[in-house]
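Both counts, for ligands and for their atoms, begin at 1 and track the order of listing.
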Amino acid sequence: MKPTLTDLPSWSALEAHAKHIIPLHMRDMFANDPERFKRFFTEAAGIKLDYSKNRISAETKSLLVNLAREANLPEKIEAMFQGKAINTTEKRPALHIALRNLANDPIEVDGKDIMPDVRDALQQMDQFVWRIHSAQWRGFSNKPFTDIISIGIGGSFLGPKLVSASLKPYWNNTLNCHYVANIDGSHITEVLKHVNPETTLFIIQSKSFGTQETLENTKVARSWFLRNGGNLETIAKHFVAVTANTQSAIEFGIQEENIFPMWDWVGGRYSLWSAIGLPIALTIGMDGFKALLSGAHAMDNHFRTAPLEENLPVIQGLLGIWYGNFLGADSHAILPYDHYLRGLPAHIQQLDMESNGKSVDLDGDETDYTTGPIIWGGAGANGQHAYHQLLHQGTRLSPADFIIPLQSHNPVATHHAILFANCLSQTQALMQGKTEQEAKQELLDKGLSHEDANTLAPHKVIAGNKPSNTILFDKATPRTVGALIAMYEHKVYVQGAIWNINSFDQWGVELGKQLGNEILHKLLDEPSNKQLDASTEGLIDLYSTYGTSI
Ligand SMILES: O=P(O)(O)OC[C@H]1O[C@](O)(CO)[C@@H](O)[C@@H]1O
């Protein structure tokens, strides 16, 4: 049997250490160490991380850092930056860092520097954005564009959607931006209801140019355009594409000069920094887009060069490993206390779960340890009136990231102070909880009898000792948003590197696609001799009896 992660001395040391930490309460950890906030606080690239409200001691941190070293994390970080083929199953590097490599140092793939291509693509975006903004490029009736519709799914949707929404205060307000992802026809129907074909630009976003949802929605968009005043000559003015598969895009009918490049060495969920970010650049302008890249680049530099002990993505990755592998957590919550960042949980969910939802290691052997957590979350303070109850009193452990800007873009009345107080009070409540004694005393102070106080108190006990990180930045600017997302990308890599899995493939999504095609044949009454399982056949019969076929 080959040695695995669980055979490392640091792994056994962490297992033993967990037994010592589990009985301790964070209340006491804070009471015993006035320096705890300073001890477990770090910042880089405009992002501040308070990780003092975690079930850790200085020893936990040093053992986790040992684990990172024994698992060769520093070498693996370097391998990513050097363009090694860390996506082993597809024999490719994962070079999203090249897309924001504003230092322009050469980065080689197969002996060729890829930076000139990256710069050319940025230049192509720059010119395109300028032509649209200055109304040099207009629709078929010579009117300037008012709307863009980005058609794409997964990484070709979530990242750009998150960032364009996060940066709404920076929109130049000449263009509305819409996204169509779902193959549910209601999505495109609803979006098309609100736009004018004369002034609408479609951006078809697909790395592979083979994704069913995106291609089918594009066909609908094209027929709608042709039915509403457009024609085959003017289609070129209204449809552009971003893809690594130029040939398929051309065959599909997109003009070659309207195609922006993508590359094999960028994963879909890491692609918002490429021309997939066109909707971002069109809404906030190219300067804003470059500021976004510069924030990510600053985080890249920090990740590559900072000592492990002060390295933001490393600390976060290690904390996730601590909870997932040693303290039994299955999930991790992303809770942005910023209305503009409300799309962050959905993006991080794809980023993390598609990257680290793996159960075999790089050699194809099943791991004997758990890997990526379930990522969930939503906007604070809304979540406090929904799922936070489970965080406070449920039986499951879900560490949470509370993400909040120090300043609001919209300082309405005392709203930001209230929002901030809510955020801090949640992390404080999760950490300290409320004892039965405290609960009972409160009830007695309210005038309840001893009997009633005794009955009610157990329901009001909050165990506390629930971990959270507080992630802060001055304001959600292009630069800080870039740094924040890059931090999560690298956190995911840290964990994948330590778990010795490939964070850059996603074979698990393929089976559903394959089976979906077989089922579709049956739903469309196309010849198929394939007998499926009884449940699936029964459900197909229901569709054929009561559903719609086309
Ligand atoms: O950009 P494409 O090739 O259309 O892929 C869209 C998404 O589909 C996936 O492959 C998963 O099905 C994601 O990884 C990707 O982001």
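The shell of residues lying under 4.0 angstrom from ligand 1, judged by heavy atoms, includes Gln350. Using a 4.0 angstrom heavy-atom cutoff, Lys513 counts as in contact with ligand 1.
Ion pairing of Glu489 with Arg269 is absent here, as no side-chain N (NZ or NE/NH1/NH2) approaches a carboxylate O to less than 4.0 Å. Under 4.0 Å is where a charged nitrogen must lie from a carboxylate oxygen, and between Lys112 and Asp117 at least one such pair does.
A donor atom on one side chain and an acceptor atom on the other are found under 3.5 Å apart for Thr234 and Asn231. A donor atom on one side chain and an acceptor atom on the other are not found under 3.5 Å apart for Thr371 and Asn356. Side chains of Ser164 and Tyr179: a donor on one and an acceptor on the other come within 3.5 Å.
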Run the salt bridge (Lys or Arg N to Asp or Glu O under 4.0 Å) check on Lys358 and Asp505 step by step: do they pass?
-> CA-CA 9 Å; Lys358 310 286 163 64; Asp505 60 10; 2.9 Å; yes
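For atom 4 (O) of ligand 1, the nearest protein heavy atom lies closer than 4.0 Å.
Numbered from 1 in the order shown, with element, the atoms of ligand 1 that lie under 4.0 Å from a heavy atom of Ser206 read 1 (O), 2 (P), 3 (O), 4 (O). In summary, the atoms of ligand 1 found under 4.0 Å from a heavy atom of Thr211, numbered by their order in the structure, are 2 (P), 3 (O), 4 (O), 5 (O). Ligand 1 places these atoms under 4.0 Å from at least one heavy atom of Gly155: 15 (C), 16 (O). Near Lys207, the atoms of ligand 1 lying under 4.0 angstrom from a non-hydrogen atom of the residue are 1 (O), 2 (P), 3 (O). Within ligand 1, the atoms closer than 4.0 Å to a non-hydrogen atom of Ile153 are 6 (C), 7 (C), numbered from 1 in the order shown.
Listed for the Ser355 side chain is no donor-acceptor partner under 3.5 Å among the backbone atoms of Asp352.
Summary of contacts: the protein heavy atom closest to atom 14 (O) of ligand 1 is Glu354 OE1, 2.8 Å.
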